[in-house]
Amino acid sequence: DDADGVLDFQDTCPWTANPEQGDASACAGDFDGDGALDEADTCPTIPNPDQALTPCVSRFASVTYTRDAHAVDATPDGVSAGTSGGALWITAEGHTLLTNAGGLGGNRVRAVRVDALGRRWFVTDGGLVLQRPDGYVLTLTAQDVGGGPQGSLRDVAASAERVWVSSDAGLSVLSAGGWAQIGGDQLPSADVRGLYLDEADRLWVATAGGLARFMGGMLEEALAGLPDIGELWAVDAAEEGVWLLGETGALRLLPEDMVAPEGPLSGFAAVGASPAPEGSTYLAASDGIRRVDADGRLFEPGVALLPG
């Protein structure tokens, strides 16, 4: 907070106090608010008031590492991807690469999310990074005044009111009141792996000890008694309900928290799910890309769907 009472991730001008938020002129000509006008600023996107450093000069050609992709999130406007060499934004007009030279906290991007407001969130080895639609880049770390996400960061989910970050130290939550930490005293385990925010604004939390769900920022329940698919790694969207992905298989939960008729699909480690044509689903698995058809039949990697 720059002393205007509005947290940086929501502030129209994070480095210059503008409590009314309606006056964009507070940042006019000085995007990062460091007192150096953009035209003369050695790095116009990163606060650098003494101009003694040149943080916009990259120390290595990170583009050579972008072939090692870790995460992807697609929207109607384009595709955001997290790589070992930065964050890629791909559209019909081309692509751009965001690295530490442009304000990214770290070049290894482990997770990517684009929220309903068009903000891009990146989990990096140097902290949680927000890239707003206006281009402003902000890195949030545990060392920040007022705190930040704790532990080794893994995943992120965001709504207009809250941001959740998973790690081996629990679940970090950012709201208008600042950061809060939720640990193993409320969750099945403090070892939190994957997050998924569904269309009903319910947050699904995959932990080493099981599954939990939040509604409106409050813990709704820990879902117990589910078929065993090993330790959970992630939760993803399904055509109907959600996919639970674990070290020994995958399981689909229907909207009423009932297990789908096909039951658990086992014999492989599942880490991701994505919709496929004709009501089927692609599963990212330890042995390749598997496919589940609309009737819940599981196909081995490389095997085509049988006619319905």
Participant: I'd like to know if the side chain of Ser172 and the backbone of Gln150 have a donor-acceptor N/O pair within less than 3.5 Å.
Facilitator: yes
Participant: Are Val271 and Leu232 linked, directly or through other ILVMFWY residues, by side chains that come within less than 4.5 angstrom of each other?
Facilitator: no
Participant: Asp134 side chain to Tyr136 main-chain N or O, any donor-acceptor pair under 3.5 Å?
Facilitator: yes
Participant: List the residues meeting side chain to side chain contact (heavy atoms under 4.5 Å, CB included) with Ala269, not counting sequence neighbours, and say none if there are none.
Facilitator: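 Testing Ala269 for side chain to side chain contact (heavy atoms under 4.5 Å, CB included), a comparison that skips the adjacent residues, returns Ser286.
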Participant: In Å and rounded to the nearest 0.5 Å, what is the CG to CD1 distance from Leu97 to Ile90?
Facilitator: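 Reported value, rounded in 0.5 Å steps: 10.0 Å.
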Participant: Contact between Leu98 and Trp89 at the side-chain level, heavy atoms closer than 4.5 Å - yes or no?
Facilitator: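 Not touching, per the 4.5 Å side-chain cut-off.
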Participant: In sequence, state the C-alpha distance, the side-chain angles, and the governing distance for Val109 and Leu104, and then conclude on side-chain contact (heavy atoms from CB on, under 4.5 Å).
Facilitator: CA-CA 9 Å; Val109 182; Leu104 198 66; 3.9 Å; yes
Participant: Could you see if Trp233 belongs to whatever hydrophobic cluster contains Tyr196? Use Ile, Leu, Val, Met, Phe, Trp, Tyr and a side-chain cutoff under 4.5 Å.
Facilitator: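 In one cluster with Trp233: Tyr196, no.
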Participant: Would Leu253 and Val235 satisfy side-chain contact (heavy atoms from CB on, under 4.5 Å), going step by step from the backbone distance to the final call?
Facilitator: CA-CA 10 Å; Leu253 278 186; Val235 183; over 6 Å; no
Participant: Output the distance between atom CG (Asn107) and atom OG1 (Thr124), rounded to the nearest 0.5 Å.
Facilitator: 8.5 Å
Participant: Are Leu174 and Leu128 close enough that some pair of their side-chain heavy atoms sits under 4.5 Å apart?
Facilitator: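 SC-SC contact between Leu174 and Leu128 ruled out.
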Participant: Would you say CH2 of Trp179 has more than 12 non-hydrogen atoms from neighbouring residues, nucleotides or ligands within 6.0 angstrom?
Facilitator: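 Check passes, neighbour count above 12.
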Participant: Linking Ile, Leu, Val, Met, Phe, Trp and Tyr through side-chain heavy atoms less than 4.5 Å apart, which residues share a cluster with Ile182?
Facilitator: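 Hydrophobic cluster check, Ile182: joined to Trp164, Leu171, Val173, Leu187, Val192, Leu195, Leu197, Leu203, Val205, Phe214, Leu219.
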Participant: Apply salt bridge (charged side-chain N to carboxylate O under 4.0 Å, His left out) to residues Asp191 and Arg193 and explain how you reach the verdict.
Facilitator: CA-CA 7 Å; Asp191 186 359; Arg193 280 83 180 274; 3.3 Å; yes
Participant: Hey, are Ser84 and Arg108 close enough side-chain-wise for a donor-acceptor pair under 3.5 Å?
Facilitator: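 The criterion, which ignores hydrogens and geometry beyond distance, is satisfied for Ser84 and Arg108.
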Participant: Search all heavy atoms of Arg119 against all heavy atoms of Ala160 and return the closest pair with its distance.
Facilitator: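 Distance-wise, the nearest heavy atoms are NH2-CA, 4.0 Å.
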Participant: Check whether any side-chain N or O of Ser274 sits under 3.5 Å from a backbone N or O of Tyr282 as a donor-acceptor pair, and report yes or no.
Facilitator: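 Not a single qualifying donor-acceptor pair exists.
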Participant: Between Pro149 and Leu153, what is the shortest heavy-atom contact and its length?
Facilitator: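 Between these two residues, the closest heavy atoms are CB-CD2, 3.8 Å.
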Participant: With a 4.5 Å cut-off on side-chain heavy-atom distances among I, L, V, M, F, W and Y, is there a chain of contacts connecting Leu211 to Trp243?
Facilitator: no
Participant: If you take all heavy atoms of Ala169 and Gly151, which pair is closest and at what distance?
Facilitator: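 Result for this residue pair: CB-CA, 3.9 Å.
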Participant: Are the side chains of Val123 and Asp155 in contact, using a 4.5 Å heavy-atom criterion?
Facilitator: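 No, side chains not in contact.
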Participant: If you round to the nearest 0.5 Å, how far is CG of Leu138 from CH2 of Trp121?
Facilitator: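 One gets 8.0 Å once the value is rounded to the nearest 0.5 Å.
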Participant: Got a donor-acceptor contact below 3.5 angstrom from the Glu231 side chain to the Glu247 backbone?
Facilitator: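 Side chain of Glu231 to backbone of Glu247: no pair is present.
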Participant: Measure the CZ-OG distance between Arg110 and Ser152 for me, rounded to the nearest 0.5 Å.
Facilitator: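 Here the interatomic distance stands at 4.5 Å.
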Participant: Can you name the closest pair of heavy atoms from Thr207 and Pro188 and give their distance?
Facilitator: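 Reported closest heavy-atom pair: OG1-CB, 3.6 Å.
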Participant: With a 4.5 Å limit on heavy-atom distance, are the side chains of Leu283 and Leu245 in contact?
Facilitator: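 They are in side-chain contact.
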Participant: When you measure from the side chain of Arg252 to the backbone of Gly241, do you find a donor-acceptor pair of N or O atoms at a distance under 3.5 Å?
Facilitator: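 Between the backbone of Gly241 and the side chain of Arg252 there is no qualifying donor-acceptor contact (under 3.5 Å).
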Participant: Please check this pair: side chain of Thr248 against backbone of Ile229, looking for a donor-acceptor N/O pair closer than 3.5 Å.
Facilitator: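 Indeed, once roles are kept as given, a pair shorter than 3.5 Å links the two residues.
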Participant: Give me the one residue out of Asp115, Asp73, Val129, Val114 that meets side-chain contact (heavy atoms from CB on, under 4.5 Å) with Arg120.
Facilitator: Val114
Participant: With distance as the sole criterion, is a donor-acceptor pair present between the side chains of Ser280 and Glu278 under 3.5 Å?
Facilitator: no
Participant: So, do Arg132 and Leu117 sit near enough that their side-chain heavy atoms are less than 4.5 Å apart?
Facilitator: no
Participant: Is the backbone of Phe122 close enough, under 3.5 Å, to the side chain of Gln131 for a donor and an acceptor to pair up by distance?
Facilitator: no
Participant: Could you check whether atom CD of Gln186 has more than 12 heavy atoms from other residues, nucleotides or ligands sitting under 6.0 Å from it?
Facilitator: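 Buried by this count: over 12 neighbours within 6.0 Å.
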Participant: Of all heavy-atom pairs between Ala285 and Phe268, which one has the smallest distance, and what is that distance?
Facilitator: CB-CD1, 3.6 Å
Participant: Keeping Asp198 on the side-chain end and Ala200 on the backbone end, is there a donor-acceptor pair under 3.5 Å?
Facilitator: yes
Participant: Would you say the side-chain atoms of Thr141 pair up with the backbone N or O of Gly148, donor to acceptor, closer than 3.5 Å?
Facilitator: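 Pair absent, no side-chain N/O of Thr141 close to backbone of Gly148.
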Participant: Looking only at heavy atoms, what is the nearest atom pair of Ala71 and Ala111, with distance?
Facilitator: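 Closest pair (atom of Ala71, atom of Ala111, distance): CB-CA, 3.7 Å.
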